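Here is the structure we will look at, set down as structure tokens.
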Amino acid sequence: GRNPGALDSGILAESGATGVVIEDNQVDGNLFGISLQGPKDARVRNNRIHNRSDLRLNERGNGINVWNTTGAIIEGNQVRGGRDGLFITTANGNVIHGNRFEDVRFAVHYMYANDNEISDNVSIGNHVGYALMFSNNLKIYRNVSLRDRDHGLMIHTCYRSDVADNYIRDTEDKCVFIYTAAQNKIHGNRFEGCGTGIHFTGGSEDNKVYENAFINNRTQVKYPGMVSYEWSYHGRGNYWSDNPAFDLKGNGIADVAYHPNDILDRVMWKYPTAKLLLSSPALVTLRAAQSQFPAISPGGVVDSAPLMKPPSLSVALPPEGSR
């Protein structure tokens, strides 16, 4: 079918299907692949879903569509094509584990879904890896985003969530985008080879960001405001690949605080054509002056305990040939 409003699906489980098990199916050429519309304690395991991609993006269906569902375990599925790999809304207390998503808009798309776990999933080459919006108390563990286009992870108006041990690499734009999200813990992650490591906005206060590795991102952190944020916790900060640090105490913590951004970064964000003047004497002098007088540094991230080595990574990467 081609009617999104009717949820034309390969497999549809409605509210009366308590304890339904959907596993080991090949679901090809449908608008929606598998839809859960209110069943409790569903199990969706080891299915291979390849949705229609011959329609305009907004007319396509989701690989796995979840609404008003509790206690579901969705694991080991492979989804390709369609709109979103997995879209979940108004559904609390579910586990999304060990799935793989390719050639979709958002690999995992959360809206108004609280107390869920998203763990050990893989997103490859999508517009956005994990788009988590208006959802609280999420557990976001050991997920992988490789070569996603816009964001590896987007956290929009989410609170009291734990984001740990995820690996985001080679995102064209941002590894992570944080928008009006607070009281979250972001730790043990690796953000590598992206246009921007983390871009966050005002309203994203009171997040604990520590023991992450920022490796070879063109801009490690982008925050255009003037408020200062401390990114260390209990004496442990983050690893920064561009930090020329030294550790005379030998305790694994750099002796000097690290500021990912300076005045010139703000000039470039506001006036992109100023990049043509990066090697000019005036800008070189400004950067040198700021290094000698930290008091003129703008607001933004301050890491008072930067790490000398990146923390070990616990996430399991997909085999090299399958990336």
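None of the values given here were measured: they were computed from a predicted structure.
Test Asn189, Asn99, Asp165, Asn121 against Asn143 for side-chain hydrogen bond (donor to acceptor under 3.5 Å, both in side chains) and you get one pass: Asn121. Applying the salt bridge (Lys or Arg N to Asp or Glu O under 4.0 Å) test between Glu211 and each of Lys185, Arg190, Arg236 identifies Arg236 as the sole match.
Checked for salt-bridge contact, Arg169 and Glu192 miss the test: no charged N lies under 4.0 Å from a carboxylate O. Note on Arg45 versus Glu23: salt bridge recorded, some NZ/NE/NH1/NH2 to OD/OE distance being below 4.0 Å.
No donor-acceptor distance shorter than 3.5 angstrom exists from the side chain of Asn65 to the backbone of Phe32, with no hydrogens or angles considered. Asn243 contributes no side-chain N or O that, together with a main-chain N or O of Ser241, makes up a donor-acceptor pair within less than 3.5 Å. No donor-acceptor distance shorter than 3.5 angstrom exists from the side chain of Asn114 to the backbone of Thr90, with no hydrogens or angles considered. Under the 3.5 Å distance criterion, the side-chain polar atoms of Asn184 are matched with a main-chain donor or acceptor of Arg160. Of the possible donor and acceptor atoms, one in the side chain of Asn51 sits under 3.5 Å from a partner among the backbone N and O of Asn62.
No side-chain heavy atom of Asp150 sits under 4.5 Å from any side-chain heavy atom of Phe106. Side-chain atoms of Asn47 and Asp24, non-hydrogen and from C-beta on, never get closer than 4.5 Å to each other. Using a 4.5 Å heavy-atom cutoff, the side chains of Leu146 and Ser123 are not in contact. Proximity of Trp67 to Leu36: side-chain heavy atoms (C-beta onward) are nowhere separated by under 4.5 Å. You'll find the side chain of Leu55 reaches within 4.5 Å of the side chain of Arg2, heavy atoms only. At a threshold of 4.5 Å between non-hydrogen side-chain atoms, the residues His151 and Tyr130 do not count as touching. The shortest distance between side-chain heavy atoms of Asp148 and Val128 does not fall below 4.5 Å. In this structure the side chain of Val256 reaches within 4.5 angstrom of the side chain of Phe246, judged on heavy atoms.
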_Checking Tyr229 against Phe200 for the ring pair (Phe, Tyr, Trp, His ring centres under 6.0 Å) test, could you report, in this order, the C-alpha distance in whole Å, the side-chain angles of both residues, the deciding distance, and whether it holds?_
CA-CA 11 Å; Tyr229 294 94; Phe200 72 105; 5.3 Å; yes
*Start with the C-alpha distance between Ile88 and Asn94, add both sets of side-chain angles, then the distance that settles side-chain contact (heavy atoms from CB on, under 4.5 Å), and finish with yes or no.*
CA-CA 10 Å; Ile88 180 169; Asn94 304 287; 3.9 Å; yes
*asked:* Quick one, His259 with Asp303, criterion side-chain hydrogen bond (donor to acceptor under 3.5 Å, both in side chains). Give me CA distance, side-chain angles, the key distance, then yes/no.
replied: CA-CA 6 Å; His259 299 256; Asp303 187 343; over 6 Å; no
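For the pair Phe191 and Asn217, the tightest heavy-atom approach, listed with the atom from each and the gap, is O-ND2, 3.0 Å. For the pair Ser9 and Ser35, the tightest heavy-atom approach, listed with the atom from each and the gap, is OG-OG, 2.9 Å. Nearest heavy atoms, Asn212 versus Phe214: CB-CE1, 3.9 Å. Closest of all the heavy-atom pairs between Asn126 and Arg105 is CB-O, 3.8 Å. Annotation for Ile178 and Ile198: closest pair CD1-CG2, 4.0 Å, computed over non-hydrogen atoms. Nearest approach of Ser135 to Ser161, heavy atoms of both residues: O-OG, 4.3 Å.
Residues satisfying the side-chain hydrogen bond (donor to acceptor under 3.5 Å, both in side chains) test with Asp120, not counting sequence neighbours, are His97, Arg142. Scanning for salt bridge (charged side-chain N to carboxylate O under 4.0 Å, His left out) contacts around Asp41 gives an empty result, with sequence neighbours left out. For Tyr159, the side-chain contact (heavy atoms from CB on, under 4.5 Å) criterion is met by Asn136, Thr157, Ala182, not counting sequence neighbours. For the side-chain hydrogen bond (donor to acceptor under 3.5 Å, both in side chains) test, no residue two or more places apart in sequence or in another chain qualifies with Thr69. With sequence neighbours excluded, the residues that form a side-chain contact (heavy atoms from CB on, under 4.5 Å) with Asp8 are Asn3, Ala6, Leu31. The disulfide bond (SG atoms under 2.5 Å apart) check on Cys158 picks up nothing, with sequence neighbours excluded. With sequence neighbours left out, the salt bridge (charged side-chain N to carboxylate O under 4.0 Å, His left out) criterion links Arg80 to Glu102, Asp103. Take Lys249 and apply the side-chain contact (heavy atoms from CB on, under 4.5 Å) test, not counting sequence neighbours, and it matches Asp247, Asn251, Asp255. Partners of Arg218 under the salt bridge (charged side-chain N to carboxylate O under 4.0 Å, His left out) rule, at least two apart in sequence or in another chain, do not exist in this structure. By the side-chain hydrogen bond (donor to acceptor under 3.5 Å, both in side chains) test, Arg52 pairs with Asp54, sequence neighbours left out.
Alongside Met308, the hydrophobic cluster contains no other residue (criterion: ILVMFWY side chains under 4.5 Å). Ile215 belongs to a hydrophobic cluster whose other members, connected by ILVMFWY side-chain contacts under 4.5 Å either directly or through intermediates, are Tyr239, Ile253, Leu307.
With rounding to the nearest 0.5 angstrom, the SG atom of Cys194 is 10.0 Å from the CD atom of Gln220. A distance of 13.5 Å separates CG of Asn77 from CZ of Arg100, quoted to the nearest 0.5 Å. Rounding to the nearest 0.5 Å places OH of Tyr112 at 7.5 Å from OG1 of Thr89. Distance check, rounded to the nearest 0.5 Å: CD1 of Ile118 to CG of Leu138 gives 4.5 Å.
Tyr141 and Ile186 are assigned to two separate hydrophobic clusters, defined by single-linkage of ILVMFWY side chains at heavy-atom distances under 4.5 Å. In the hydrophobic clustering of ILVMFWY residues, with side-chain heavy atoms under 4.5 Å counting as a link, Ile34 and Val79 come out together. By the criterion of side-chain heavy atoms lying less than 4.5 angstrom apart, applied directly or through intervening Ile, Leu, Val, Met, Phe, Trp or Tyr residues, Val20 is grouped together with Ile11 in one hydrophobic cluster. By the rule that hydrophobic residues join a cluster once side-chain heavy atoms approach within less than 4.5 Å of another member, Leu132 and Phe87 end up as members of separate clusters. Neither Tyr179 nor Ile155 shares a network with the other; the hydrophobic side chains, linked directly or stepwise wherever heavy atoms of I, L, V, M, F, W or Y lie under 4.5 Å apart, form separate groups for each.
In this structure, Phe134 and His156 have tilted ring planes: the angle between them lies in the 30° to 60° band.
Under a cutoff of 6.0 Å and an axis angle of 45°, Lys174 and Phe177 form a cation-pi pair.
Within a 6.0 Å radius of CD in Glu172, no more than 12 heavy atoms belonging to other residues, nucleotides or ligands are found.
Centroid-to-centroid, the aromatic rings of Tyr223 and His199 stay 6.0 Å apart or farther.
Side chains of Ser119 and Glu117: a donor on one and an acceptor on the other come within 3.5 Å. Residues Glu230 and Ser304 bring a donor and an acceptor atom of their side chains to less than 3.5 Å of each other. With 3.5 Å as the limit, one finds no donor-acceptor pair spanning the side chains of Tyr258 and Asn238. Donor-acceptor pairing under 3.5 Å is lacking for the side chains of Asn68 and Gln37.
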